[in-house]
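Each chain gets a letter, A, B and so on, in the order its sequence line appears, and its residues count up from 1.
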Amino acid sequence: MRTDIPKTYNPHQVEPLRYAWWMERGDFYATIANDGRPRYCITIPPPNITGSLHMGHALNHAIHDVLLRWKRMQGYNVLCVPGTDHAGIATQNVVERELLKEGLTRHQLGREKFLERVWQWREQYGHTILMQLRKLGCSYDWRYTRFTLDPEYADAVLEVFVRWWQDGHLYIGERVINWCPRCMTALSDIEIEQVDEPGKLYHIRYPFEDGSGAVVVATTRPETMLGDVAVAVNPSDPRYDGLVGKSLILPLVGRRIPLIADPYPDPAFGTGAVKVTPAHDPDDFEIGQRHNLPHPTILNWDGTVNTERLRDELNAPHHPYLQRYHGKDRYEARRLIVADLEAQGFLEKAEDYSIPLARCERCHTVMEPLLSEQWFCRMSEIAQPAIEVVKQGKIRFFPERYTEMYLQWMENIRDWCLSRQIWWGHQIPAWYCVACHPENFALTDRGEYRLLKRESPIVQKSAPDRCPRCGSLQLVRDPDVLDTWFSSAIWPHTVLGWPNDTEELRLFYPTDVLLTAQEILYLWVARMMMTGLYFQGDIPFREVYIHATVLNKEGKRMSKSLGTGIDPLELIAKYGTDALRWSLLQQAGMQQSIRFYEERVVTARNFANKVWNATRFVLLNLEDANLETLRRIGPQPVDALDRWILHRLQHTIQAVDQALRAYCFDDGANALYEFIWSEVCDWYLEAVKPRLQSPTQRQQTQAMLLYLFDQLLRLLHPYMPHISEELWQAIGATPDEPALITARFPEVNPAMCDESAAEEMAQVFEIIRAIRNLRAELKITPGAPIPKAWVHPIGSESQTRLAPYCALIAHLAWCQEIVLGTPPERALMNPAPNAEVFLTIAGLVDIERERARLQKELAKLEAEIKQVQARLRHPQFLERAKPEVVRETRTQEQALWARHQRLKQWLEQLK
RNA sequence: GGGCGAAUAGCUCAGCUGGGAGAGCGCUUCCCUUACAAGGAAGAGGUCGCAGGUUCGAGUCCUGCUUCGCCCACCA
């Protein structure tokens, strides 16, 4: 038996070694066979390869690991598949930034060379985050580590794309999409963040061609007027009766545009007239479609103004004045145009206005709605089954409120823009024949064909030899790659081997739960449900737990750039992994956000230390023992104290079990904390100390302690795996159960539940508190002996001898239980609700002071009595309150009166 | 503009189906008692966001409002 245990828990000496030990033993590995055990499977949300561990990850993965360890201990065959996401735009941005330091752009490097660089980068840095997850203690099956650009994974992605194409769910469309002028790519509707920012609303006068006045339109983006093709008004708007059909002259540009009638404009807003720029606004585009209007583009992909395209697209003479704006950045162009409009008297006014802006989620650049040709996925049909499974309860959300949010979003789902104009990712498996449509291609300087328009794509997993229509060898592959979320959408079944029919799929699909943050509910969770149902024919997971967002103490989002973030690795370095995990899990339940700060980890570290020292105490008291013998003896209660602690243990087992089932990790942690610290350490261990000195009770008490701590460490293991394993090795490990990580999780034993023991001990604790209170109030130093104490339990029928406990725990020299009516002489008294205690302390009884103290006590009692009586005097209370409540109130009143009587009597006696 | 969360001790939060408010940290006082000072003991501290309503009785249920946060939404 080890007795050289340090007095404080040192996580750095324990945690890395324990983790390595489990790895060596292969404890994280699932069995890929039906060995008769039930199975439990989670596929983690693959973090970006560009990422490093932040508090959100720490919380997410602490939760993963609690569940995995809990299930493993319950005898499940547990598989957790880790991995990383290639994160198209994010990664490409990182590598492009590196190139920029060398003065290079990706275009200078060329696609192939650039991709080599990205792969290099990923080899070097792409595994950082997975290594960090190991530091968190995650018991994942690292053999299964996947990457969304692995060859097999890429094959699955192409398979999905081809099948959806064949099944008619994909299409090429020219639409106004969200364009990031910095990333130079399209983004889906959910990859942008909407913010309202202060700006200006410009009112511009568009004169009628015939000189009969003007129409005033309002816009927040005046530069787009270059591409205006009409002004629209609502047909019901009386202000424009008889004017529709007339021509307007576009200021600065001089182009003639019509005034048209369309249901879109809201007559109540401003002048009721809307300028129509089909290429740069989704609503305007639809108006344009309805009226068969042209849609000239006035912006380049980098956000600069292009007025030459205007000439080409409108087949119109180029107004020389426009040259001023050509090549200017959109904001520069805006300033110029506003100035020119004002100078020429076209600007009616510019008012302050809160403008809704869309920014790129990745780089925060203001998005530009831009007309372009993209690949889309038609969603409504695919979404249907994913709606059904939720309505039927086959997939359940925790917290439940997310169910409604999910359903509402799914029922209004919009088509998904799949193509991205970047290089890092899954290149779209579509080829176009130059021979069939030479007009769709331009020849570059390097003599390569550049795709201008997508027509008649040949969609298949591998490059076709020749055009199936004309036999030409001149085929050009679509340069675009797929949205990163397209590949992560198939994560659960793909990491298990799809499209092959693998043993992993058969054993572990559907997985059990998906654990994630709320921000990717639509981006990812919903899409996995759609692809899982479509391709694997079954739900990807049975439950979805959406955990809180981690905020700082001020309730602000943790952000590196704002400096409001906390680095979990730093916290691990300071306080250890188990402390960090505990501090997070201790507040992880059904809330949508949690505030996190370092003091929480300090508290958690202190708790770990408490566990360490409590177990140290047990070990020190087991030095002479044979553990085998003690295990054979088992938990045999000596008395009510033991029955009470076993009872509380059952309660704790029950609470932890219930909490983990319901994803209320906070409740489980609190139950454990309360049990271990308050009940085991503060009461049980203190009370048991004298018994350990008794030759007749020592062994039985040792057996109790061994059992209790064995159970307690098992319960703690999912939350604090390292320290619990380390300590358990000293007291729990047997040839049958050599490691805690695979030992059996405790289950409630009804035979150990004992309410009466609980009540009995509650009374003991009350008495002891009353004694301590007296001592403290009278400033009796803890060491000073108290010659005599009498305790008088009230209302308990049991003939148990409480006095010995009180003497032991409260360090009394002499203690006796008395019955009513025989109070001692010249003592101090403390009346507690269900007990009263009398102490005699030589020379310390100042009668007057004592009387004053008790008078105060009496006054407090009387106030309470008044309150209760007031309620009982109320006729409606007696009539309408539940009978048991009335009864309870009556007994309460009686008890108060009785205390009152006794106090008074005691006061009399003190005279 | 809709939807959802939150508002309780100085701080961070518990309070299930309505019966008189709890924890951790912080604070005060006393203790280095041989598991633990990262500890022990005893305390102080709250018109439970505001205003109504239901009820014998409301942090708890209903209505309205205020403040903060999140999600969704094409209003020029």
Side-chain angles (χ1 to χ4, degrees), chain A residues 5 7-9 176 189-190 194 201-203 217-221 224 232 264-266 268-277 281-286 353 355-356 358 369 399 401-402 404-405 408-409 412 518-519 521-522 548-549 551 553 555-557 575 579 586-587 589-597 599-600 602-621 666-667 670 673-674 677-678 681-682 685-686 689 768-769 772-777 779-783 810-811 867-868 871 874-882 884-886 888-889:
Chain A
I5 312 144
K7 284 176 88 167
T8 50
Y9 171 52
V176 176
D189 291 332
I190 41 185
Q194 291 278 356
L201 183 64
Y202 299 94
H203 297 254
V217 297
T219 180
T220 55
R221 296 186 297 151
T224 61
Y264 171 74
D266 175 5
F269 187 92
T271 60
V274 177
K275 64 192 261 317
V276 181
T277 323
D281 184 283
D283 297 309
D284 292 10
F285 183 72
E286 280 177 27
Y353 195 69
I355 42 181
R401 66 185 115 95
Y402 288 106
E404 202 46 45
M405 280 176 66
Q408 273 182 22
W409 189 78
N412 299 302
Q518 54 199 321
E519 68 224 26
L521 176 59
Y522 307 124
T549 308
L551 307 174
K553 193 166 187 175
K556 296 272 178 269
R557 195 171 271 283
Y575 306 105
Q586 192 253 332
Q587 49 178 344
M590 293 296 129
Q591 53 279 65
Q592 88 173 13
S593 63
I594 54 179
R595 296 186 188 197
F596 190 85
Y597 43 92
E599 291 92 304
R600 283 193 171 282
V602 176
T603 307
R605 188 269 319 260
N606 293 352
F607 178 58
N609 196 232
K610 191 73 179 176
V611 173
W612 182 263
N613 275 295
T615 313
R616 182 165 173 268
F617 169 80
V618 171
L619 285 168
L620 291 172
N621 280 288
D666 48 354
D667 293 347
N670 288 333
Y673 190 92
E674 166 78 12
W677 201 310
S678 308
C681 293
D682 288 350
L685 292 187
E686 289 308 317
K689 277 175 183 174
I768 291 169
R769 267 192 218 102
R772 288 171 174 170
N773 172 277
L774 259 187
R775 295 180 106 141
E777 241 177 81
K779 305 232 189 299
I780 305 165
T781 45
H811 303 295
Q867 238 188 350
V868 176
R871 227 180 316 159
H874 216 106
Q876 276 152 326
F877 173 73
L878 301 174
E879 244 171 74
R880 300 192 192 172
K882 275 174 283 180
E884 67 261 32
V885 172
V886 177
E888 272 168 37
T889 315

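- Closest approach to the Ala776(A) side chain among A35(B), A42(B), A41(B) is made by A42(B) (side chain taken as heavy atoms from C-beta onward).
- Within 4.0 Å (heavy atoms only), Glu286(A) reaches no atom of the nucleic acid at all.
- Between Lys689(A) and Glu686(A) there is a salt bridge, with a side-chain nitrogen of the basic residue lying less than 4.0 Å from a carboxylate oxygen of the acidic one.
- Listed pair Asn609(A) / G39(B) fails the phosphate criterion, with no side-chain N or O lying under 4.0 Å from OP1 or OP2.
- Side-chain atoms of Val868(A) and Thr889(A), non-hydrogen and from C-beta on, do get closer than 4.5 Å to each other.
- Rounded to the nearest Å, the gap between the P atom of U47(B) and that of G59(B) is 13 Å.
- Atom P of nucleotide U12(B) and atom CZ of Phe596(A) are separated by 15 Å, given to the nearest angstrom.
- Remark: Lys610(A) is not positioned above the aromatic ring of Tyr673(A), lacking an NZ or CZ atom under 6.0 angstrom from the ring centre and at most 45 degrees off the axis.
- Remark: Lys556(A) pairs with no residue by the salt bridge (charged side-chain N to carboxylate O under 4.0 Å, His left out) rule, at least two apart or across chains.
- Of the two residues near RNA chain B, Thr271(A) and Leu685(A), the one whose nearest nucleotide lies more 5' is Leu685(A).
- Syn is the classification of G59(B), since its glycosidic angle stays within 90° of 0.
- In terms of phosphate contacts, Lys689(A) brings a side-chain nitrogen or oxygen within less than 4.0 Å of OP1 or OP2 of A35(B).
- Once rounded to the nearest 0.5 Å, the distance linking CD of Gln586(A) with CG of Asp667(A) reads 10.5 Å.
- The same atom, C1', is picked in C62(B) and in U54(B); the two are 7 Å apart, to the nearest Å.
- One interatomic measurement links the two molecules: CD of Gln591(A) to P of G5(B), which rounds to 13 Å at whole-angstrom precision.
- For the P atom pair drawn from A51(B) and U17(B), the interatomic distance equals 25 Å after rounding to whole Å.
- Comparing C74(B) with C4(B), their C1' atoms are spaced 23 Å from each other, to the whole Å.
- The shortest distance between the side-chain N/O atoms of Lys7(A) and the OP1/OP2 oxygens of C36(B) is below 4.0 Å.
- Note that the CD1 atom of Ile5(A) and the CG atom of Leu619(A) stand 4.5 Å from one another [nearest 0.5 Å].
- Taking the P atoms as reference points, G26(B) lies 39 Å from U66(B), given to the whole Å.
- Residues Val217(A) and Lys275(A) share a closest heavy-atom pair of CG1-N, 4.0 Å.
- As judged by a 4.0 angstrom heavy-atom cut-off over every strand, Lys553(A) is placed among residues touching the sugar-phosphate backbone only.
- One N or O on the side chain of Asn613(A) and one on the backbone of Lys7(A) form a donor-acceptor pair closer than 3.5 Å.
- When rounded to the nearest whole Å, the span between CD of Gln592(A) and P of G69(B) equals 12 Å.
- Legend: residues meeting salt bridge (charged side-chain N to carboxylate O under 4.0 Å, His left out) with Glu599(A), ordered by chain and number and at least two apart, are Lys553(A).
- Regarding Asn613(A), its CG atom lies at a distance of 10 Å from the P atom of G40(B), rounded to whole Å.
- The main-chain N or O of Arg769(A) is never found under 3.5 Å from a side-chain atom of Asn773(A) such that the two would form a donor-acceptor pair.
- Residues Trp612(A) and Thr8(A) fail the side-chain proximity criterion, which asks for heavy atoms closer than 4.5 Å.
- In terms of polar N and O atoms assigned as donor or acceptor, the side chain of Arg605(A) comes within less than 3.5 Å of the base of A38(B) in a complementary pairing.
- Residue Asn670(A) contributes atom CG, which lies 12 Å from atom C1' of U12(B) at whole-angstrom precision.
- Across A9(B) and G15(B), the matching P atoms stand 15 Å from one another, rounded to whole Å.
- As rounded to whole Å, 20 Å separates atom P of C70(B) from atom CD of Gln408(A).
- Evaluation of the salt bridge (charged side-chain N to carboxylate O under 4.0 Å, His left out) rule for Asp682(A) yields no partner, not counting sequence neighbours.
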* Structure fact -> Each nucleotide of nucleotides 16-25 of chain B classed B (base within 4.0 Å of a protein heavy atom), S (only sugar-phosphate) or -, in 5' to 3' order, makes ---BB---SS
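- Between Leu521(A) atom CG and C70(B) atom C1' the separation is 13 Å, expressed in whole Å.
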* Structure fact -> Encoded 5' to 3' (Watson-Crick or G-U under 3.5 Å; [ ] crossing; | other strand), RNA chain B becomes (((((((..((((.....[..)))).(((((.......))))).....(((((..]....))))))))))))....
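- Distance, Arg616(A) CZ to A38(B) P: 14 Å, rounded to whole Å.
- The base of A35(B) sits within donor-acceptor range of the side chain of Glu686(A), with an N or O pair under 3.5 Å.
- The shortest side-chain heavy-atom distance between Asp281(A) and Arg221(A) falls under the 4.5 Å cut-off.
- Only the P atoms considered, C72(B) is 42 Å distant from U55(B), to the nearest whole Å.
- If you take atom C1' in G24(B) and the same atom in G45(B), they sit 15 Å apart, rounded to whole Å.
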Under 3.5 Å, which protein N or O atoms sit close to an N or O of nucleotides 72-75 of chain B? Give each pair with its distance.
unit_1 : atom_1 : unit_2    : atom_2 : d
C74(B) : OP1    : Arg414(A) : NH1    : 2.8
C74(B) : OP2    : Arg414(A) : NH2    : 3.4
C74(B) : O2'    : Asp283(A) : OD2    : 3.4
C74(B) : O2     : Asp283(A) : OD1    : 3.2
C74(B) : O2     : Asp283(A) : OD2    : 3.0
C75(B) : O2'    : Tyr264(A) : OH     : 3.4
C75(B) : N3     : Asp266(A) : OD2    : 3.4

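- Contact annotation: Arg775(A) side-chain N/O to C30(B) OP1/OP2 distance is not under 4.0 Å.
- Note that the CD atom of Gln591(A) and the OG1 atom of Thr549(A) stand 10.5 Å from one another [nearest 0.5 Å].
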